[in-house]
Structures are given as structure tokens and as C-alpha cells.
Participant: 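Here it is: the structure, laid out below.
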Amino acid sequence: MRKNIVAGNWKMNKTLQEGVELATELRDLLSNVKPNCEVVIGVPFTHLVTVSALLHGSVIAVAAENCADKASGAYTGEVSAAMVKSTGAEYCIIGHSERRLYYGETYAILKEKTLLALNNGLKPIFCIGELKEEREAGCQNDVVKAQLEGSLFNLTEDEFTQIALAYEPVWAIGTGLTATSDQAQAMHAFIRQLIAEKYGQPTADNTSILYGGSCNAGNAKELFSKPDVDGGLIGGASLKSQEFKAIIDAF
Ligand code: PGA
């Protein structure tokens, strides 16, 4: 059966020293607990080696927030999936709306990133979700369908089973405006149905679909109570150890 996952996404926050402090707090808070979900933290590239070493042997896995769409070579400033893997990270967030919006990441680029992550033994957490205008126009399902078809539905069934999805309505990210649990459930069920049509019901049933967008300690329990919501991708609330722990405890 699919796993429940609570994943933090630190984005471009915390210096290395501050990040080590936060990761240490979290490790200590979870040292005597067996969470009812997988726990992941997505940290900046510069933190991956240190934080992975610090969390080695703990219940917390580490994710990169991005990886390059090329395998290696003359791509100044880029960080490849192989490099990410070599730090000890296990996961890679791909296709976050901030990457799509501010860095021009297209369906084709995200398709390459996903393949490279998979080929290097990383587990992608692949983000999808509609803009506010798209939700207002009622075309959120079409948007999400196009994102899946454009970047992921080329994968083999074996490859697809390595992916976790994060549905993150862009209007809910960092805005304090959470999707209602019913809105989240409706979209997650729709996404699962698309996966079932493409890869069959067993694969759909085994795919973890996380919700992201102003998920916090106050609303996590309600969101996670929905049958198709298998956890969360947490931005702002993952920057405080106690609050992130409270979200983990929602399971
Ligand atoms: P937020 O961000 O929890 O701060 O809304 C979520 C995300 O962007 O992954």
C-alpha cells in the first residue's frame, strides 16, 4: 500500500549553520518517536552533504529541491541528479511551481529532470497544481492533467512507481489560503483516476499524493483525514521544528 509522507521544503531559507540547527532540533524531537509516516526535508544544495550526514541513521530522509535537466558537462551553476545522489540525499523535489513560474521550467525540462533523478536512484516528489486564474476559470483538472501527461506519462510503470506526487494549488502556496480538505480530496481523487487510466488501478493505489499549500499544524489533521491525501509538502511550517513535528504527529 502507498506510504504517507510529510516532506518539508525549506526553499531558499536558512544559512548552512541555521539549517544544521533546525535539522538537529528535528532529529532530536523525533529521536524517540516512530512516526506514522515517512519524514523528508527538502534543503538547499549547499546543505545536502552536511544535513544528510547529520540525519544518517535517523527517521528523516533528505531531499534536494531541484536538479539539473542535463546529466553532466558544461552547464555552469547547475547541480546534477548524480551529484545530489552522491551527497546522501534520497529524494528530489521536481517541478515546484516556483521553478515553473520564475525559472521557466517547462513540461519537457521537467520530464528530463525526472528521468535523470530516477536513473540516479533518487525518488522524485513531483509537484503539480493550477494557478488562481485557472481555478477561477474552472479548468484546474485540465491543467493538472496536462502537467502529468507532459512530464510523467512517458514513464514506464516501473519508473512511475518510484514517484510521489504533490498537488500544490499555486494560489495556496505561502498565502495562508489553504485548499479546503474537500477541494484537496476532489483533486487527489481525480489525479489517482488519471494514474489508474494510464498505469492501472494497483499503481494508482500505490502512488502517494501529497497536498501542499499553506498546510500547517492547525489544518494538517483535517487534510490528512481524506482518503486520497497521503501527506503534505510543507513550506513555511517546515521552518519551525515544533510545528513541523506537529504536522508529522497529525498522522
Ligand atoms: P507553503 O509552501 O507551505 O509555505 O504554502 C508549500 C510549498 O511550496 O511546497
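In listed order, ligands and their atoms are each counted from 1. Just so we're clear, the structure is a prediction, and the values are computed from it rather than from any experiment.
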Participant: Within the 4.0 Å heavy-atom shell around Gly213, which atoms of ligand 1 are there?
Facilitator: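 Once the distances to Gly213 are compared, the set is 5 (O).
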Participant: Who's the nearest protein heavy-atom neighbour of atom 4 (O) of ligand 1, and how far?
Facilitator: Gly236 N, 2.9 Å
Participant: About how many Å separate NE2 of His96 and CD of Glu105, when rounded to the nearest 0.5 Å?
Facilitator: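 Interatomic distance, Glu105 CD to His96 NE2, rounded to 0.5 Å: 11.0 Å.
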Participant: Determine whether the side chain, the backbone, both or neither of Ala172 has a heavy atom under 4.0 Å from any heavy atom of ligand 1.
Facilitator: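 Within the 4.0 Å criterion, Ala172 contacts ligand 1 through backbone atoms alone.
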Participant: Show the numbers, then the answer: is there a salt bridge (Lys or Arg N to Asp or Glu O under 4.0 Å) between Lys11 and Glu98?
Facilitator: CA-CA 9 Å; Lys11 311 193 179 186; Glu98 288 149 16; 2.8 Å; yes
Participant: Considering both backbone and side-chain atoms of Gly235, is one of its nitrogen or oxygen atoms within less than 3.5 Å of a nitrogen or oxygen in ligand 1?
Facilitator: yes
Participant: Among all protein heavy atoms, pick out the one at the shortest distance from atom 7 (C) of ligand 1; state its residue, atom name and that distance to 0.1 Å.
Facilitator: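 Looking at atom 7 (C) of ligand 1, the protein heavy atom closest to it is Glu168 OE2, 3.1 Å.
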Participant: With heavy atoms under 4.0 Å as the rule, classify the contact between Ile173 and ligand 1 as side chain, backbone, both or neither.
Facilitator: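 Within the 4.0 Å criterion, Ile173 contacts ligand 1 through backbone and side-chain atoms alike.
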Participant: Pull out every atom of ligand 1 sitting under 4.0 Å from any heavy atom of His96, numbered as shown with elements.
Facilitator: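 That gives atoms 7 (C), 8 (O), 9 (O) of ligand 1.
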Participant: Give the ring-plane orientation class for His188 versus Tyr167, where under 30° counts as parallel, over 60° as perpendicular and anything between as tilted.
Facilitator: perpendicular
Participant: Supply the atom-to-atom distance Leu122 CG to Glu90 CD, rounded to the nearest 0.5 angstrom.
Facilitator: 9.0 Å
Participant: Quick one about Glu197 and Gln193 (side-chain donor to acceptor, distance below 3.5 Å, no hydrogens or angles considered), yes or no?
Facilitator: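 Yes, side-chain donor-acceptor contact under 3.5 Å.
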Participant: Does atom NZ of Lys226 have more than 12 heavy-atom neighbours from other groups under 6.0 Å away?
Facilitator: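 Atom NZ in Lys226 is packed in, count exceeds 12.
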Participant: Would you say Lys111 has more than 12 foreign heavy atoms packed within less than 6.0 Å of its NZ?
Facilitator: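 At most 12 heavy atoms, drawn from other residues, nucleotides or ligands, come within 6.0 Å of this atom.
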Participant: Can you sort out which atoms of ligand 1 are near Asn9, meaning under 4.0 Å from one of its heavy atoms?
Facilitator: 9 (O)
Participant: Report yes if some N/O of Ala237 lies less than 3.5 Å from some N/O of ligand 1; otherwise report no.
Facilitator: no
Participant: At less than 4.0 angstrom from any non-hydrogen atom of Lys11, what atoms of ligand 1 do you find?
Facilitator: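 In order of number, 2 (O), 7 (C), 8 (O).
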Participant: Output yes when the distance from some N or O of ligand 1 to some N or O of Gly174 is under 3.5 Å, and no in every other case.
Facilitator: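 By distance alone, the answer is yes.
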Participant: Please work out which of the three classes, parallel, tilted or perpendicular, describes the rings of Phe224 and Phe251, given edges at 30° and 60°.
Facilitator: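 It falls in the parallel class, under 30°.
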